[in-house]
Visitor: 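This is the structure, below, for whatever I ask next.
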Amino acid sequence: MTILVTGGAGYVGSHTVKKLKEKGYSLVVYDNLSSGHREALEGVPFVEGDLLDGKLLSHTFCSFRVTDVIHFAGLSIVGESMLQPDKYYLNNVVGTLTLLNTMLAHKARRIIFSSSAAVYGEAEGVPILEECPRNPANIYGQTKAIVEKILEDYGKAYGLGYVSLRYFNACGADESGSIGEDHRPETHLIPLVLQTALKKREEICIFGEDYATKDGTCIRDYIHVNDLADAHLLAMEHLRSDRVSDVFNLGNGNGFSVREVINTAAEVTGTVISSETAPRRIGDPEVLVAGSAKARDILGWRPKYTELRKMIETAWQWHVKYPQGFGGRN
Ligand code: UDP
C-alpha cells in the first residue's frame, strides 16, 4: 500500500511525511513547490506536479501504485483568499476534484483531508464541536467547507472513505531542528513574532485590539505541528481498519490571545518584541478554540505539547538555526 501525500513539502505535510517515513510507510510526495520546500524532503520519493495536472497525477498513481491519499496541497492565506477567490476555488476546489476523480479512476478509496477550523467561521460557542454548523467567514474556509461536502457526497455515491481533519492553529517545529515553518510571504502570527525577535522585522502588527476578549486581541487554539502529524497517522490507520469516514477537530482546547503569544515569545527568546496596533484583518473570527474530545476518543489521539511556551520554544529553535528559512542555515 502506497500513500500519495499531496503538499508533502509544506509545513504540516513535511512533518507528517517525516513521521510516516520513520514508521516505515510506503509513500510518494506530490507537490508543485509553490509554497513547499524540496529541502524538507530528504530521501523521500518526490514528484513535482500540480493537482490540476490530471495527466501527471494519473501517471503518478500508476507508477507508484497509489492506494491511499493524504491531501495537504492547497492555498491557505486568508487575506489573499478574500482578494483572489478565483485562485482559491481553482486550486483548492477544482484541484481537489481532479485528485478525487483520479483516485476513483485508480481504485484508491481512502483519503485524509487537511481541513481547517476556518470552516466554522464565527464560533457559536466555545469550545467548538464538530457538529457545529459550517459557516466560514472567509473564502479560504469556504473552499475547505466545499471540499468537506464533496467528500461526503463522494463517500455516499462512490464508497470513498475519508477523514477530514480540522486543524486549529498549527505551530512549532520538529525538535530535530531539520524542518520547520517557512511560508513566503509569512503571514502567521508565531513565525512573524519570532522574526521580530530575530530583528528581521521592526515590530509585529496586532490586527485589532478592540475585540470582546480579555485583552481585546483575537483568541486562537495553538496546536503543535507534530501532534497534527500524529493525528494523520492515526486517521490513516482508522480508515484502513474500520473504513468509517468521519471529521475531527484537532486543537488543544486552550485559547491564547495575540498579546499572550507575543508575551510568551518575549520570555522564550529573551528579547523585547515591539508591537503596534493595526486595523482588524478582514475575515478573522474573534475566538477559535477546539473541542477535540472526539479525536481523543475515536482515534486515540494524545497531543504531547500542551503548553504554549514549549510549542514556541520548538519554533524558536528552528528560527535560530534557519533565520532565512530553508536553504539559509546559520
Ligand atoms: N495576527 C496578528 N498579526 C499578524 C499575524 C496574525 O495580529 O501579523 C493575528 C490574526 O489576526 C489572528 C491570530 O494572530 O487573530 C492568528 O493568525 P494566523 O494568521 O497565525 O492564523 P489564523 O488564525 O488566521 O489561521
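Indexing begins at 1, ligand by ligand and atom by atom, following the structure's order.
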Visitor: For the 3.5 Å polar cut-off, considering only N or O atoms, please tell me whether Leu189 and ligand 1 meet it.
Guide: yes

Visitor: Regarding ligand 1, does Arg220 bring an N or O atom to under 3.5 Å of one of the ligand's N or O atoms?
Guide: yes

Visitor: For ligand 1, is there an N or O atom under 3.5 Å from any N or O atom of His188?
Guide: no

Visitor: Between the side chain of Arg280 and the main-chain N/O of Asp210, is any donor-acceptor distance below 3.5 Å?
Guide: yes

Visitor: Test of understanding: clusters of I, L, V, M, F, W, Y form through side-chain heavy atoms closer than 4.5 Å, transitively. Do Leu239 and Trp301 belong to the same one?
Guide: yes

Visitor: Taking heavy atoms and a distance under 4.0 Å, where does Val261 meet ligand 1: side chain, backbone, both or neither?
Guide: neither

Visitor: For the pair Glu122 (side chain) and Ala137 (backbone), establish whether a donor and an acceptor sit closer than 3.5 Å, ignoring hydrogens and angles.
Guide: no

Visitor: Give me the nearest non-hydrogen protein atom to atom 1 (N) of ligand 1 as residue plus atom name, then the distance to 0.1 Å.
Guide: Phe207 CD1, 3.7 Å

Visitor: Decide whether an N or O pair under 3.5 Å exists between Cys205 and ligand 1.
Guide: yes

Visitor: For Ile204, is at least one N or O under 3.5 Å away from an N or O on ligand 1?
Guide: no

Visitor: Should the pair Tyr120 and Phe168 be assigned to parallel (<30°), tilted (30 to 60°) or perpendicular (>60°) ring geometry?
Guide: tilted

Visitor: So if you build clusters from Ile, Leu, Val, Met, Phe, Trp, Tyr with side-chain heavy-atom gaps below 4.5 Å, do Tyr89 and Ile282 land together?
Guide: yes

